[in-house]
2 protein chains.
Amino acid sequence: MRDNELCEIRRLPLFRAMASENFTALTRAAYDQTFPAQVRLIEEGAAADFLHIVVEGSVELFAGWQGRETTMQVVRPVSTFILAACMKDAPYLMSARTLEKTRVVLVPSVDLRAIFRIDPEFALATISELSACYRSVVKHTKELKLRTARERLAAYILRQAKLDNNGPSFILPMEKRVLASLIGVTPESLSRAMKSLQDVGTKVDGQRIIITDHKALEAVACPTPLMDDPEQHEQGLRP
Amino acid sequence: MRDNELCEIRRLPLFRAMASENFTALTRAAYDQTFPAQVRLIEEGAAADFLHIVVEGSVELFAGWQGRETTMQVVRPVSTFILAACMKDAPYLMSARTLEKTRVVLVPSVDLRAIFRIDPEFALATISELSACYRSVVKHTKELKLRTARERLAAYILRQAKLDNNGPSFILPMEKRVLASLIGVTPESLSRAMKSLQDVGTKVDGQRIIITDHKALEAVACPTPLMDDPEQHEQGLRP
DNA sequence: CGAACCCTTGACAGAAATCAACTAAGGTGG
DNA sequence: CCACCTTAGTTGATTTCTGTCAAGGGTTCG
């Protein structure tokens, strides 16, 4: 594994405080790999053998049932995913696939579980990370149950703009059909929702979203920290 | 606090393995209280001062936004709730109210955070508990996005019957309007969904649900461990 | 150049919310 | 003990929203 990545991983909240020798032990057993787009990394129901860390690219977490499929989360660098399954040694609840060319570091979950038993700092960091993950899903669920499709889209746009330095425009970080599934609608419905937001301060030009009237958009989304503020782990660490 | 409750709390996975003196320290600072029905225990957005443990009765976790409201979870004895907010010292994402006369034990979250720093066993148990909480919400979210209202109701009925010794009938453990909100529909829609399930092996008599054709109901719900199996913490500890 | 694939648009169907009325059950106070 | 009131639940009529199906434009990639 390249030193470069090791440093970035080490900087993650999850690994920042642990003892050096334990970090070394963890990453010695780990390996990193680069995948092309649309590669399945994880199949839901399988045993949780590896903690995954996205170093470059992006990964879609999704779930299926009876021929239906839905996007649960999109993970960007540098972040981990499926920590909970690893910690409980339980089957993955979600599948994962790369959305683009993606570099992933895989840490064997047996090593993880061994090390959080001997490194209190790592155990504390794990608690913090899991709490953040939990709170993220709760926010996602609240949004699904409390906001309409149009409101969810408006809120997403405001969140994404904020992450992108709060500029007046940004490029969607995923395909629209993935975004549609993430916010819980069909691509057709997303398309119509986008259109309907053009009356309230939004312009769409391909993958670019332009906010022309921030106040008007906020009037639709009514953002609140209890649904819209990202948990610390969510945006990942930018290089 | 009564010895009786102390024992039950001590038996919880979260507290089972920790050192005795730490458990004593935790519970010395704690106090227990009994509330009538419909009392607000927690307001979303408030600081997470106490870990709550339901000892008797039941508590509804719910969230609101813009005048709308939705039930996120119903907690029954003996279980904890809002652990994640306590661990991160972050604002509660959900409100809580008693559904009936309920006895709750309150553990100051400062003490919690102090003790998981010095008691590795407690830290490990916390990791396990948080992972289970995370996985529960993921399952709830998957269900909302992948199943229709009718399918969610069918799945709920099968899960609840299983918890109730897999008998041919059971009593709904909450009011129907609360169940409706939990599965993400209006009370009117729940009522119609119940009716529509009468064609596929279900009978309803007030609060009692009778399963007359388990196979037929399963054909609607298509239960899968990845959505329908409870995480260990969910059903609580029965006395 | 053709073949996918993504996105959009339109027409339609289906699901669920809303609004309103009515029943039934439980609790309160006379 | 009964009349009254409140509230949960049901049912029907209607509207709104979202999904489905089908078609067409535009892009990318082999």
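By convention in this document, chain letters (A, B, ...) are assigned in the order of the sequence lines, proteins followed by strands, and residues within each chain are numbered from 1.
- Side-chain atoms of B:E188 and base atoms of C:dC19 include a donor and an acceptor less than 3.5 Å apart.
- Taking 4.0 angstrom as the limit, B:K195 places none of its side-chain polar atoms (N or O) nearer than this to OP1 or OP2 of D:dT10.
- Proximity of A:Q207 to the phosphate of C:dC6: no side-chain N or O atom is located under 4.0 Å from OP1 or OP2.
- Using a 4.0 Å heavy-atom distance criterion, A:E175 is classed as a sugar-phosphate-only contact.
- The side chain of B:R192 lies closest to D:dT11 when the candidates are D:dT10, C:dT9, D:dT11.
- To the nearest 0.5 Å, atom CG of residue A:D228 and atom CG of residue A:L158 are 8.0 Å apart.
- The phosphate of C:dA16 (OP1 or OP2) has no side-chain N or O of B:T186 nearer than 4.0 angstrom.
- When all heavy atoms of B:M94 and B:I42 are compared, the closest pair comes out as O-CG2, 3.3 Å.
- The interatomic distance linking B:R147 (CZ) with C:dA16 (C1') rounds to 19 Å, in whole Å.
- Residue-level contact check: B:R150 touches neither bases nor backbone, having no heavy atom under 4.0 Å from any strand.
- A:I183 places its CD1 atom 15 Å from the P atom of D:dC17, with the value rounded to the nearest Å.
- The side chain of B:S189 lies closest to C:dA16, out of C:dA16, C:dT8, C:dC6.
- What separates CZ of B:R177 from P of D:dT6 is a distance of 17 Å, to the nearest Å.
- With C:dA17, D:dG19, C:dC7 as the choices, the nucleotide that has an atom nearest any side-chain atom of B:V185 turns out to be C:dA17.
- Contact check on B:E231 versus A:K88 returns no salt bridge, with no Lys/Arg side-chain nitrogen under 4.0 Å from an Asp/Glu carboxylate oxygen.
- Heavy atoms of other residues, nucleotides or ligands lying less than 6.0 angstrom from NZ of A:K203 number 12 at most.
- Contact annotation: B:S191 does not reach the phosphate of D:dG9 (side-chain N/O to OP1 or OP2, under 4.0 Å).
- If you take CG of B:L190 and P of D:dT10, they are 7 Å apart, rounded to a whole angstrom.
- Distance CD (A:Q38) to C1' (D:dC29): 15 Å, rounded to an integer number of Å.
- A:E151 has its CD atom 16 Å from the P atom of D:dT16, to the nearest Å.
- Per the geometry, CG belonging to B:L153 stands 13 Å off P belonging to D:dG9, to the nearest Å.
- In this structure, the NZ atom of A:K176 is 13 Å from the P atom of D:dT27, given to the nearest Å.
- Checked options B:E44, B:E69, B:E43; the residue passing with B:R97 is B:E69 (criterion: salt bridge (Lys or Arg N to Asp or Glu O under 4.0 Å)).
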